[in-house]
2 protein chains.
Amino acid sequence: MAGHTAGTAKATAKEDILDAAEALFAARGFEGASMRAIAEAAGVAQALLHYHYKTKEGLFEAMFTRRSGAINRIRLARLDVMLARGRPTVEDIVEALLRPTIEAGHDPSRGGSRFASLILATSTAEGDWQKGLVARSYDSMAERFIAALMGALPGLGRAEATWGYLFVVGAALTQMAPTGRADRLSGGAARDEDTDAMLSRAVIFAAAGLKALATAPPDDH
Amino acid sequence: MAGHTAGTAKATAKEDILDAAEALFAARGFEGASMRAIAEAAGVAQALLHYHYKTKEGLFEAMFTRRSGAINRIRLARLDVMLARGRPTVEDIVEALLRPTIEAGHDPSRGGSRFASLILATSTAEGDWQKGLVARSYDSMAERFIAALMGALPGLGRAEATWGYLFVVGAALTQMAPTGRADRLSGGAARDEDTDAMLSRAVIFAAAGLKALATAPPDDH
DNA sequence: GTCTATAGTTCGATAGAC
DNA sequence: GTCTATCGAACTATAGAC
């Protein structure tokens, strides 16, 4: 049991750096978060970041894949359990898709993770390496959920399932980062911080939207 | 008619700077786009940016409010027309909310605007001035559309209407920037660049989701 | 209104001691 | 594996000529 302890290892400097990087990249973006600031937040020298991760891009990629991998493993495990038990409902599939990201945001290792906004920023970045990172991190998981949606909704075509998947993810991800907008626009009736209330609405909204896409006419002129 | 010509004025250096700033801020983010790069893209000296807009923040704010103001004027004009004619459908309201942003993205003044991703990045930025900018730019428009949704859907409460509005905007905005994901995930059945096809699906998806929120139980434990 | 030139700061990355 | 010290480049912003 010596050496690389599996599972819940004691926090190493290497992990501390990833935690600090995630918090700062999420808050300030790739260019806005400096290696200096990350090193200071992690409590280590700046040179140590380059020793472990070589470049700033390398650090970003390591931070991104650690979290996205953890989230996707939970997603797919839940999906596999549901598929093994029978035909899951659309609501079940959407819940399995969305809740793991919220739970990752409550990660006890750091307060107030905002990984959701990091995904959005990385998806729309101009750099090819960032789009490639998103593709490598999420595409295979996304394909399995799109297939599951088509299985749960006869009549849902490939294009509609893809758009539906992207709508669902976009609707929820944009609400996971606390922007304070829900509180303000609702006059206090909705609260940004109440991610459970948000998620229960998102599941209702998304499931109904997906069902409508399954029955809508193929249209296009 | 001399002096400040209203309407479609000939492109001035001041406007050229805003065009270049919008393209670069959208592509690289606030920190990632440098004043040097913006000046070069606009074909003017860097000092001219500071002469017209004082600071980088000032330039960003001028760029942001120009586009958001133009979009919101169209949105509210369409909403007013619909309300004057009678009780608009949910589909009509969603269409009036979403289409102006897509049309702004096709702005002939520049190729391939990606203002949608700029809104997302600005909404989730950590800086208070950016969140404040989003609030000043969008809150009053959003309140009017939320009220219109509640008018079109009896049974839709304030909290549900607010979450629903935010879901609709989040679902559509995340698909307006061409990420290439729809093409890849659908095997070519859906195409990122076909924003009209995306929007027609978004309207179906969003209207059904909003209707479901209007009839769902109040839940919360 | 637009330019050149530059001051002063911060950045990513590396060298080299321990 | 972790540190201090530093290099060279890029950054925002300003001064001052035209």
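Chain identifiers are assigned alphabetically (A, B, ...) following the order of the sequence lines, protein sequences preceding nucleic acid strands; residue numbering begins at 1 within each chain.
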Parallel, tilted or perpendicular: which describes the rings of F30(A) and F25(A), with under 30° parallel and over 60° perpendicular?
-> parallel
Salt-bridge criterion met for [X] and [Y] (N-O under 4.0 Å):
{"X": "D139(B)", "Y": "R181(A)", "result": "yes"}
{"X": "E31(B)", "Y": "R28(A)", "result": "no"}
{"X": "R184(A)", "Y": "D192(A)", "result": "no"}

Closer to the 5' end of DNA chain C via nearest nucleotide, is it A45(B) or E31(A)?
->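 Closer to the 5' end of DNA chain C: A45(B).
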Could you pull out every donor-acceptor pair under 3.5 Å between side chains of residues 162-173 of chain A and any protein atom, sequence neighbours left out?
{"unit_1": "T162(A)", "atom_1": "OG1", "unit_2": "R158(A)", "atom_2": "O", "d": "2.8"}

Five-pair end axes of the helix from dG1(C)-dC18(D) to dC18(C)-dG1(D) and the angle they enclose, rounded to 10° =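 Rounded value for the end-axis angle: 0°.
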Report the distance from atom [atom1] of [X] to atom [atom2] of [N], rounded to the nearest whole Å.
{"X": "H52(B)", "N": "dA13(D)", "atom1": "NE2", "atom2": "P", "value": "16 Å"}
{"X": "L49(B)", "N": "dG1(C)", "atom1": "CG", "atom2": "P", "value": "14 Å"}
{"X": "L59(B)", "N": "dC11(D)", "atom1": "CG", "atom2": "C1'", "value": "15 Å"}
{"X": "L48(B)", "N": "dC18(D)", "atom1": "CG", "atom2": "P", "value": "18 Å"}

For this output row, return yes or no: ring centroids of F205(B) and F205(A) closer than 6.0 angstrom.
-> yes
If only atom types and distance count, is the side chain of T124(A) paired as donor or acceptor with the main-chain N or O of L120(A) below 3.5 Å?
->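 Side chain of T124(A) to backbone of L120(A), a donor-acceptor pair under 3.5 Å: yes, one is there.
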Determine the contact category for A39(B): base if any of its heavy atoms lies under 4.0 Å from a base atom, sugar-phosphate if only primed atoms, P, OP1 or OP2 are that close, otherwise nothing.
->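 The answer is nothing, as A39(B) stays clear of every strand by at least 4.0 Å.
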Using a cut-off of under 3.5 Å, enumerate the N/O to N/O pairs linking the protein to nucleotides 13-16 of chain C.
{"unit_1": "dA13(C)", "atom_1": "OP2", "unit_2": "H50(A)", "atom_2": "NE2", "d": "3.2"}
{"unit_1": "dA13(C)", "atom_1": "OP2", "unit_2": "K56(A)", "atom_2": "N", "d": "2.9"}
{"unit_1": "dA13(C)", "atom_1": "N7", "unit_2": "Q46(A)", "atom_2": "NE2", "d": "3.3"}

So does S34(A) get a side-chain nitrogen or oxygen closer than 4.0 Å to the phosphate oxygens (OP1/OP2) of dT10(C)?
->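 Indeed not, no polar side-chain atom of S34(A) lies that close.
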Test item: side-chain donor near acceptor, T101(B) and R75(B), under 3.5 Å = yes
